[in-house]
A.B. asks: 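My structure is below; once you've seen it, I'll send some questions.
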2 protein chains.
Amino acid sequence: MPRWEPDAQGRLKRAALELFEAQGFERTSVAQIARTAGLTERSFYRYFPDKREVLFAGDELQTHLVAQVEAADPGLTPIEALLTALGTADEIFRPREFLLRRVRVIAASPALAERDLIKLADIADALVRALEHRGVEPGKARFIIDVAIAVARRATSRWLADPDATLSELVAQTADELREAVAPPAPTVG
Amino acid sequence: MPRWEPDAQGRLKRAALELFEAQGFERTSVAQIARTAGLTERSFYRYFPDKREVLFAGDELQTHLVAQVEAADPGLTPIEALLTALGTADEIFRPREFLLRRVRVIAASPALAERDLIKLADIADALVRALEHRGVEPGKARFIIDVAIAVARRATSRWLADPDATLSELVAQTADELREAVAPPAPTVG
DNA sequence: ATCGATGACAACAGATGCTGTCATCACATA
DNA sequence: TATGTGATGACAGCATCTGTTGTCATCGAT
């Protein structure tokens, strides 16, 4: 018999998500999360550096995107490489049920929204480095990534609302939308 | 004789910036900032809702951009309206000396970088609403704003590094760079 | 089979961020 | 003189997060 129940980290994650859903992020204390998971407050901080991080642990998306960009055909344009990488990332977002609950909890708390933004920024930083490895100049790499993230947000937002479409389809469609938006306005229309 | 020294808020801001520069954000306490400014910790929280906000108070940039977008020529494309609004915002960023110190302090602290991102997101939200007033569909407005922010970051970064160029020049130049980046690659180059 | 190292956790103490509440005191006004 | 207003101080209190130490299973080596 093991001395402790297994999967302490997973128990903390599940307890936190349910408590945040039930009573909000600010109104649940770390001690309460730990108690619900059968642990002490101090043990919580062994697994997560702070209260918000319990919803953000793991970096599968970042490692996936970086790997895809580094393995991409060198003939591809940086934007193309990023967007095709994004198109293959839909497996990371499953199960959709969990993702939707998480998105709702994050949107309901400014503190969690803040953390969400910086996690996205971390992914962006990693992708900037990946583009630099491909020979893109740093300032330009940052710019390309910001544009690609704009496309990614648009495409994944559509993907969440429309479960039938495939992510890579939506990415391609959004890229078209981008070209149209930045094109100089039609000089004279009929 | 006034009972208290004037400009308590300004004294707190200046004390905070200098202390953050000297010893870092995490290692300076609110009590220390208040003491340096000749106030108590409790008074600090009367002027700023939390420790980070002492570097972020004020929303001149947001109100300027929103006003410019709402006053823009209805014939302009959304992207054009945003970028021309940005081109006139350089006065907000002065004095450049102060801005540079602030940028360095923010970059040195993850907690401040987090807050910086959410302030940018707040501006983005306000601009989304402004575009919706112009009749842009919400999802598309969000997308356009994200792209415009990518351009803005690129252009202001160049502006900080090159004091001679004017911001609107750099914005136009970055817009060209964007069109080039998203254009389909040249099919066959002799 | 015993012993020591390691790992997972609890218990305790403390610094700091942030909030609620009330008293204080100069100043304005009547 | 009396009274109100507004900025501030004083004090108490909760929550987040950290440092440190002790306990007890498990594992490997002797």
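The sequence lines fix the lettering, A, B, ..., with proteins before strands; numbering per chain opens at 1.
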A.B. asks: Pull out every protein N or O sitting under 3.5 Å from an N or O of nucleotides 4-6 of chain D, one pair per line with the distance.
C.D. replies:
| from | atom 1 | to | atom 2 | distance (Å) |
| --- | --- | --- | --- | --- |
| D/dG6 | N2 | B/Arg3 | NH1 | 3.3 |

A.B. asks: Calculate the interatomic distance between A/Glu26 atom CD and C/dG17 atom P; express it in whole Å.
C.D. replies: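 Going from CD in A/Glu26 over to P in C/dG17 covers 19 Å.
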A.B. asks: Nearest whole Å is fine: how far is D/dA15 P from A/Arg35 CZ?
C.D. replies: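 Going from CZ in A/Arg35 over to P in D/dA15 covers 10 Å.
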A.B. asks: Do we see a donor-acceptor contact under 3.5 Å between the side chains of B/Gln32 and B/Glu41?
C.D. replies: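 Looking only at side-chain atoms, B/Glu41 and B/Gln32 do not form any donor-acceptor pair under 3.5 Å.
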A.B. asks: Between B/His133, B/Lys140, B/Glu132, which is the residue that forms a side chain to side chain contact (heavy atoms under 4.5 Å, CB included) with B/Val136?
C.D. replies: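 Of B/His133, B/Lys140, B/Glu132, side chain to side chain contact (heavy atoms under 4.5 Å, CB included) with B/Val136 is met by B/Lys140 alone.
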A.B. asks: Is there a donor-acceptor contact under 3.5 Å from the side chain of B/Thr84 to the main chain of B/Ala81?
C.D. replies: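 Pair found, side chain donor or acceptor close to backbone of B/Ala81.
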A.B. asks: Rounded to whole angstrom units, what separation is found between the CG atom of B/Asp50 and the P atom of D/dT16?
C.D. replies: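 Value for this atom pair: 16 Å.
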A.B. asks: Taking atom types as modelled, is there a side-chain donor on A/Arg158 or A/Thr174 under 3.5 Å from an acceptor on the other?
C.D. replies: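 Side-chain D/A pair, A/Arg158 to A/Thr174: present.
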A.B. asks: If I take atom CZ in residue B/Phe44 and atom P in nucleotide D/dT8, what distance separates them, rounded to the nearest angstrom?
C.D. replies: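 It works out to 14 Å between those atoms.
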A.B. asks: Give the rounded distance in Å between these two atoms: CG of A/Leu12 and P of D/dC17.
C.D. replies: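 Value for this atom pair: 14 Å.
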A.B. asks: Ring-plane angle category for B/Phe25 and B/Phe20, please: parallel below 30°, perpendicular beyond 60°, tilted otherwise.
C.D. replies: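 If you compare the ring of B/Phe25 with that of B/Phe20, the planes turn out perpendicular.
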A.B. asks: Calculate the interatomic distance between B/Tyr45 atom OH and D/dT8 atom C1'; express it in whole Å.
C.D. replies: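 It is 17 Å, rounded to the nearest whole Å.
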A.B. asks: Check whether NZ of the Lys or CZ of the Arg B/Arg154 lies under 6.0 Å from the centre of the six-membered ring of B/Trp159 and within 45 degrees of that ring's axis.
C.D. replies: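 No, cation not above the ring by the 6.0 Å, 45° rule.
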A.B. asks: Using the closest heavy atom to pick a nucleotide of DNA chain D for each, name whichever of A/Phe25 or A/Arg42 lands nearer the 5' end.
C.D. replies: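 Comparing both residues, the 5'-ward one is A/Phe25.
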A.B. asks: Determine: side-chain N/O of B/Tyr47 to OP1/OP2 of D/dA7, distance under 4.0 Å, yes or no.
C.D. replies: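 Negative; the distance criterion is not met.
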A.B. asks: So A/Ala31, base contact, sugar-phosphate only, or nothing? Heavy-atom distance under 4.0 Å.
C.D. replies: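 It contacts nothing in the nucleic acid.
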A.B. asks: Ignoring hydrogens and geometry beyond distance, is the side chain of A/Arg46 in donor-acceptor contact with the base of C/dG7 at under 3.5 Å?
C.D. replies: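 Side chain to base: no pair below 3.5 Å.
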A.B. asks: So which nucleotide from C/dA10, D/dG9, D/dC17 ends up closest to the side chain of A/Thr40?
C.D. replies: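 Minimum distance to the A/Thr40 side chain belongs to C/dA10.
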A.B. asks: Round to a whole Å and report the spacing from CZ of A/Arg27 to P of C/dT19.
C.D. replies: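 In whole Å, C/dT19 P lies 15 Å from A/Arg27 CZ.
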A.B. asks: Check A/Val54 against A/Leu12 and note the closest heavy-atom contact, atom names and distance.
C.D. replies: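 Nearest pair, atom of A/Val54 first, then A/Leu12: CG2-O, 3.9 Å.
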A.B. asks: Can you identify which nucleotide, out of D/dC17, D/dT16, D/dG9, has its nearest atom closest to the A/Ser29 side chain?
C.D. replies: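 Of the candidates, D/dT16 comes closest.
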A.B. asks: For the pair made of CD in A/Glu41 and C1' in D/dA15, what is the distance, rounded to whole Å?
C.D. replies: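 Answer to the nearest Å: 8 Å.
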